[in-house]
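In what follows, a single structure is set out as structure tokens and then discussed.
Heavy atoms only: backbone and side chains are in, while hydrogens, waters and symmetry mates are out. So that the names make sense, note that chain A is the first sequence line, chain B the second, and so on, each numbered from 1. None of these values were measured; they are calculated from a predicted model.
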There are 2 protein chains.
Amino acid sequence: MASLGDLERSVMTLLWDSGQPLSANEVCEQLDDDLAVTTVLTVLARLEKKGMVQRERSSRPHRYAAMATREEHTVEMLNEVLGTAPDREAVLARFIGGVSDSEAASLRRILG
Amino acid sequence: MASLGDLERSVMTLLWDSGQPLSANEVCEQLDDDLAVTTVLTVLARLEKKGMVQRERSSRPHRYAAMATREEHTVEMLNEVLGTAPDREAVLARFIGGVSDSEAASLRRILG
DNA sequence: AGCATCTTCTACGCCGTGTAGAAAATTACG
DNA sequence: CGTAATTTTCTACACGGCGTAGAAGATGCT
């Protein structure tokens, strides 16, 4: 339960890229599409409900920040997918077998 | 584009577990829930459209088989998720850092 | 031809998502 | 303080995916 729609993903990307919390207006401006602020607010509220963003209600304009880094989130997704497989090791093997050489080297280093 | 609904997943699981092609009726019987055969047929048709199952139209009851093994499918999903990240290596590092010891060992063997 | 089986077509309801207006709440400024 | 500007909430609509299945059409058996 953390899959994202297109707009939701765009918003998360903004929040991830800008390390700091953003207001709905700032998000709105920085988006390529020309959307109503209410649209962005709706999306932000939904993302908050999903536990993807944290809202600072104290300051006026509320500020929104990503709960997890993009990395953390991607790793969560990976684990979620892996969780659907009964044969984890086999999947991992196949998966790792398919990564690029440089990535493989990097993994070898990590696995020590 | 290969995410599955609950029923779709159940059906795929059946097809994956039974190595051989199954008819709609067989799928229907082997499902826990007591569904109408037309329901199963609809789902199978949708899975076919998604490229998840192959239908043998030659034989009457049509027979349906999974296009990819569950492993292959899971790996596809993993790559899809990984594709959404700009920092692949960082994600991989973190991801691999979190697997169990036995899995890590298995990976070392594969990369070795 | 008649009957049983199987498939297609069509459809309904629900929920997630993109989209935003109307109205309410808060803040800013003269 | 009162009015205008900003911000947030509430409500809503449309569209597509998915679970669900009946009615009708196609195919095959006897």
At less than 4.0 Å, is any side-chain N or O atom of [X] found next to OP1 or OP2 of [N]? Yes or no.
X       : N     : value
B/Arg57 : C/dT8 : yes
A/Arg55 : D/dT9 : yes
B/His62 : C/dC6 : no
B/Asn25 : C/dC6 : yes

Integer-rounded Å distance: [N] [atom2] and [X] [atom1]:
X       : N      : atom1 : atom2 : result
B/Arg60 : C/dA4  : CZ    : P     : 17 Å
A/Asp33 : C/dT17 : CG    : P     : 17 Å
A/Leu35 : C/dT17 : CG    : P     : 16 Å
A/Leu47 : C/dG16 : CG    : P     : 14 Å
A/Lys49 : C/dG16 : NZ    : C1'   : 11 Å
B/Leu31 : D/dT20 : CG    : P     : 10 Å
B/Leu7  : D/dC18 : CG    : P     : 11 Å
A/Glu8  : C/dT19 : CD    : C1'   : 13 Å

State which of [options] makes the closest approach to the side chain of [X].
X       : options                : result
B/Leu41 : C/dG18, D/dA21, C/dT7  : C/dT7
A/Thr39 : C/dT7, D/dT9, C/dT19   : C/dT19
A/Arg46 : C/dG18, D/dG19, D/dT8  : C/dG18
A/Val43 : D/dC18, C/dG18, D/dT27 : C/dG18

Subject >> Basic-acidic side-chain contact under 4.0 Å: A/Arg88, B/Glu103 >> reply: yes
Over all strands shown, is [X] touching base, sugar-phosphate only, or nothing at heavy-atom distances under 4.0 angstrom?
X       : answer
B/Arg9  : nothing
B/Thr42 : base
A/Ser3  : sugar-phosphate

**OP:** Could you say whether B/Lys50 or B/Ala36 is positioned toward the 5' end of DNA chain D, judged by the nucleotide with the nearest heavy atom to each?
**Re:** B/Lys50
Original post:
Is there a path of hydrophobic side-chain contacts, each under 4.5 Å between heavy atoms of I, L, V, M, F, W or Y residues, that connects A/Phe95 with B/Val99?
Top reply: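 Linked, A/Phe95 and B/Val99 end up in one cluster.
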**OP:** Taking atom types as modelled, find out whether A/His62 and A/Arg57 have a side-chain donor-acceptor pair closer than 3.5 angstrom.
**Re:**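 No, because no side-chain N or O of A/His62 sits under 3.5 Å from a partner of the opposite role on A/Arg57.
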**OP:** Go through the side-chain N and O atoms of B/Ser3 and B/Glu8 and say whether any donor and acceptor fall under 3.5 Å apart.
**Re:** no
Original post:
With a cut-off of 6.0 Å (strictly less than), are more than 12 heavy atoms of other residues, nucleotides or ligands near CD of A/Gln54?
Top reply: no
